[in-house]
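Written below as structure tokens is the structure these notes are about.
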Amino acid sequence: MSNMSNPTTKLSIRGLSKTYNKTVALQPVDLEVKTGELLTLLGPSGSGKTTLLQLISGLVDVTTGNLVIDGVDQTDAPVHQRDIGVVFQSYALFPHLTVRENIAFPLQMRKVPADEIKTRVDDALAMVGLAHAGDRSPRALSGGQQQRVALARCLVYRPSVILMDEPLGALDRKLREVMQDEIKRIHRETGATIIFVTHDQEEALALSDRICLMNNGQIEQVGTPREMYEAPQSVFVADFIGVSNIFSGTVENGQLRTDAGLLPLSADAPAETCAVMIRPEDVILNGTASWALKGTVVESTYAGSETRVTIALDGDKSLIVRRPAKSEDMARGLAVTVSWDQAHARYLTK
Amino acid sequence: MSNTTSTLPAGQATAPRDKRRFSIDSIALAAPGGLFLIVLLAIPTLSLIGLSFQGMDGAFSLSIYEQMFGAKIYIDVLVNTFSIAFQATVLCLVFGYPVAYWLSRLENRPRRFAMWFVLLPFWTGALLKNFSWIVLLARNGIANSVLQSMGMEAPADLLYQRTTVIFAVAHTMMPLAIMTMLPSMLAVDRTLVPASRTLGSKPMQSFWRVFFPLSMPGATAAGLLVFVSAIGFFITPQLLGGPRDTVIGQLLIQQVTQMLNWRLAGAIATMLLAVTLIFVLLYDRVFGISSVTGGASAKLSSGPVRDFGHRVLNLIAMIATAISEAFAKVLGGYRFGWLLPTVAIITVLVLLIPVVAFIPMAFGESSFLEFPPRGLSFRWMETYLTSPVWTDATLRSFYIALACAVLTAFIAGLGGYGVARSNGKLGSIAFMGFMLPMIVPNIVIAVSLAYFFANIGLLATDIGIILGHTVVSLPVVFIIVLTTFKAHDWRLDQAAATLGANRFQVLRHITLPMCQGGLIAGFLFGFLHSFDELTIAMFVGGGLRQTLPKQMWDDVILSVSPTLAAASLVVLLVVTVLFVLAEVARPRA
């Protein structure tokens with residue numbers, strides 16, 4: 001399939017990789033970003049997500065592969081010709097310019113006429129709710145306000161792709177959630193294509209149209225938040241996204257031998273299954289299934305909307321169960337059985 | 001803890017008292033320094049200024065100023081001084097900026113390595129470098145041989161030319177300019193230039209519209225410091241200039257050491273000081289004095305000055321971009337990446353030439369200084385080591401430097417601790433106070449002290465020189481100690497206190513061990529400062545108490561003998577060893 005002919009592909013990456021001296025920061029990866037989508041690059045630190053972002057922005061030279069934006073090969077294009085916008089983690093606002101001058105900067109670089117600059121800067125300021133702060137120094141603003149200025153400076157010249165490098169990392173939790181909504185709103189209103197780097201899986205789930213999960217300089221899986229949560233394709237994905245109970249073992253006569261005992265496998269489980277994953281909300285305590293594991297309660301944590309129960313199983317294995325908040329307390333040391341509906345179990349092959 | 005607190009019943013009554021006492025305690029540590037500077041800087045300078053406004057009979061009179069501004073010779077000297085200082089400052093900025101910019105862009109390790117080659121000529125002092133130029137630029141010297149081999153017919157007169165004087169003054173001051181510019185360049189957020197590139201600016205626009213304005217505080221501070229040092233500077237004009245290049249400093253030396261005309265000396269010093277203050281105030285108006293030390297404010301200046309600055313920069317950015325883009329088009333990309341390192345490295349090499357040239361000269365065979373030297377011999381080393389004049393001067397310099405280092409470290413240590421621990425107004429006043437000897441031209445300090453000491457019988461004594469050296473080395477040592485204490489994590493001291501350590505124990509087991517690198521560096525830099533100091537030694541020593549630099553100065557005025565090279569080698573060795581030790585000891589931020 002050719003990307004060039006596909007009108008909905010904004011950005012296409014083929015075999016892109018980066019090696020510093022002898023350290024591989026990014027293995028060759030392929031990725032397609034659709035027009036108008038918000039894609040997050042998610043992964044632990046050192047997973048290569050920031051490297052990938054820097055390669056797209058052109059701030060770092062590519063080792064192998066190529067990068068196509070809107071059907072044009074941009075692999076070796078200089079940064080200032082790429083028509084991308086970057087929101088930096090540190091905001092990178094110019095301290096010697098006012099808020100207004102910061103936002104006008106990209107338009108001046110593009111030789112936009114002065115009166116048009118004025119209206120567009122006004123619009124951008126209004127969009128992020130900072131119309132009153134145009135003449136102030138960026139240093140006089142709070143972290144959240146600086147974040148908005150950085151966003152406005154990027155939106156004002158309508159780049160075809162916006163790259164955000166952990167832009168909310170420096171904000172506290174409350175403000176982070178407000179800004180997430182803000183980014184979603186702006187994304188909706190502008191229809192911009194956004195690539196968003198984060199190490200916070202909750203943020204990725206909340207924001208993205210699709211998530212690209214990275215690990216060790218490789219892409220583990222790309223999918224919608226729902227696909228990532230409900231149908232992880234590897235132990236890493238299952239473990240990284242959401243809370244999960246993972247039992248690894250070997251297949252034996254249609255069952256999986258694990259440290260915690262033999263677990264049933266459904267008929268459609270792949271032969272090379274190496275682990276079973278079950279989400280805490282899908283675990284049934286003291287159920288009536290034909291099989292069950294025996295365990296004892298070691299911890300029960302009340303968290304308002306739910307209660308989290310940790311259960312010790314055989315073989316030093318423990319399991320987390322989520323129960324509705326109104327269900328009865330479970331005392332430490334209480335003996336229980338755990339089981340689950342085969343339909344809720346995920347079979348992982350790597 | 002004092003007895004009063006333990007004998008009082010525990011309770012609310014004691015708490016506020018304790019707190020107040022604590023805050024007074026820490027800034028009070030700057031008091032010895034304050035007292036020292038009042039007695040040895042403020043009072044001498046003010047009394048010399050006062051003297052210049054008195055007539056022969058002691059009544060108020062402007063006669064000395066009338067005399068000064070009435071004589072053409074004095075006006076000529078003034079014009080010389082300012083013109084040399086101004087041109088040297090411009091040279092320092094134009095060539096120092098690329099070096100500092102280049103250094104700021106290096107990774108940490110190579111930068112530290114490269115900085116040695118800037119700091120070494122900084123600490124070798126002005127004397128050595130200018131002696132070296134005399135030999136290198138002489139009529140039959142190496143510079144002329146090179147010029148002749150390149151096709152020049154007759155040897156050029158390189159010495160005793162205005163151009164040479166300006167070059168050598170700039171050469172002497174360049175390390176100071178570079179070291180002042182570098183911190184503000186390093187403080188520029190490293191993501192800003194890449195950010196501007198992603199916003200669509202071409203490389204030249206990024207530099208002129210983002211990096212350059214952000215590096216301005218350091219560059220202007222460098223301009224200020226270089227200019228202020230250059231107007232009181234006399235070593236280069238005396239050694240490399242002709243009679244037409246006479247500057248204020250030389251006039252002062254003449255008036256004080258030969259004519260003993262204190263009133264005229266006072267008037268000259270007053271004028272030097274006034275000009276300096278005008279420049280400092282102007283600088284403060286435009287940039288804020290705190291930017292000298294790299295402080296940044298959240299407030300943007302506004303008004304016509306800022307608009308004008310931005311307009312000029314935008315114009316420069318436009319022209320530079322047009323040129324660089326035109327080249328990029330012809331050459332198919334930006335091909336001038338080598339230009340900056342090349343210019344910077346050549347500049348640094350030029351800084352090093354006169355320092356390194358001394359080493360072989362000390363071992364030459366002939367009976368006059370020449371480069372490259374002919375033959376190898378230790379006779380001049382021997383002459384140096386067996387001549388009581390030279391050995392006496394060397395030993396005196398050593399113990400004066402040692403005493404000065406101890407005294408400076410003590411005063412600056414207490415002051416640095418006090419200022420670092422206080423956030424109040426008193427703290428910033430104390431800070432300005434400690435920096436004063438850097439702003440007042442050294443030669444003014446020297447003349448004022450000479451006058452003051454002459455009145456109290458300390459002229460031509462070692463103690464006088466020690467005190468004078470302490471005054472001038474205070475700012476550098478204070479800054480080193482202060483940054484050390486500011487970088488210290490004081491929560492560690494609080495942690496130690498909660499673990500049961502009293503204040504003395506905290507100081508002994510936590511604060512001092514953690515800050516010792518900076519304190520040792522401060523001590524060594526105090527020593528260095530005194531060891532190659534000439535101005536104070538010249539005025540306060542009164543020609544009787546010869547330090548090594550003063551002995552070298554006298555020798556070079558009378559006859560440039562190879563013994564001088566041998567002595568210089570000793571200075572170079574001592575300076576290099578101490579400077580390496582100090583740099584190693586100094587903690588890195």
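Quick note: numbers below take in every heavy atom, side chains included, and nothing from hydrogens, waters or symmetry partners. Below, chains carry the letters A, B, ... as their sequence lines are ordered, and counting in each starts from 1.
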Counting heavy atoms not belonging to [X], are there more than 12 under 6.0 Å from its [atom1]?
X      : atom1 : result
B:E107 : CD    : no
B:F336 : CZ    : yes
B:F86  : CZ    : no
B:F227 : CZ    : yes
A:D122 : CG    : yes
B:H310 : NE2   : yes
A:R185 : CZ    : yes

Exercise for the section: Have a look at A:P95 and tell me which of B:D189, B:V210, B:L192 forms a side-chain contact (heavy atoms from CB on, under 4.5 Å) with it. Expected result: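 Exactly one pass, corresponding to B:L192.
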First locate atom [atom1] of [X], then atom [atom2] of [Y], and finally report the distance between them rounded to the nearest 0.5 Å.
X      : Y      : atom1 : atom2 : value
B:T198 : A:I162 : OG1   : CD1   : 11.0 Å
B:S196 : A:R153 : OG    : CZ    : 8.5 Å
A:Y91  : B:T191 : OH    : OG1   : 11.5 Å

Handout entry: Residue among A:V156, A:L93, A:L163, A:L107 with most heavy-atom pairs under 4.5 Å to chain B
Key =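 Among the listed options, the one with the most contacts to chain B is A:L93.
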Handout entry: Any side-chain heavy-atom pair of B:R209 and A:Q108 under 4.5 Å
Key = yes
Practice task
Select all residues of residues 81-88 of chain A having any heavy atom within less than 4.5 Å of some heavy atom of chain B, and report them by number, or 'none'.
Solution key: A:I84, A:V86, A:F88
Practice task
For B:L199 and A:M109, work out which heavy atoms get closest and say how close.
Solution key: O-CB, 4.2 Å
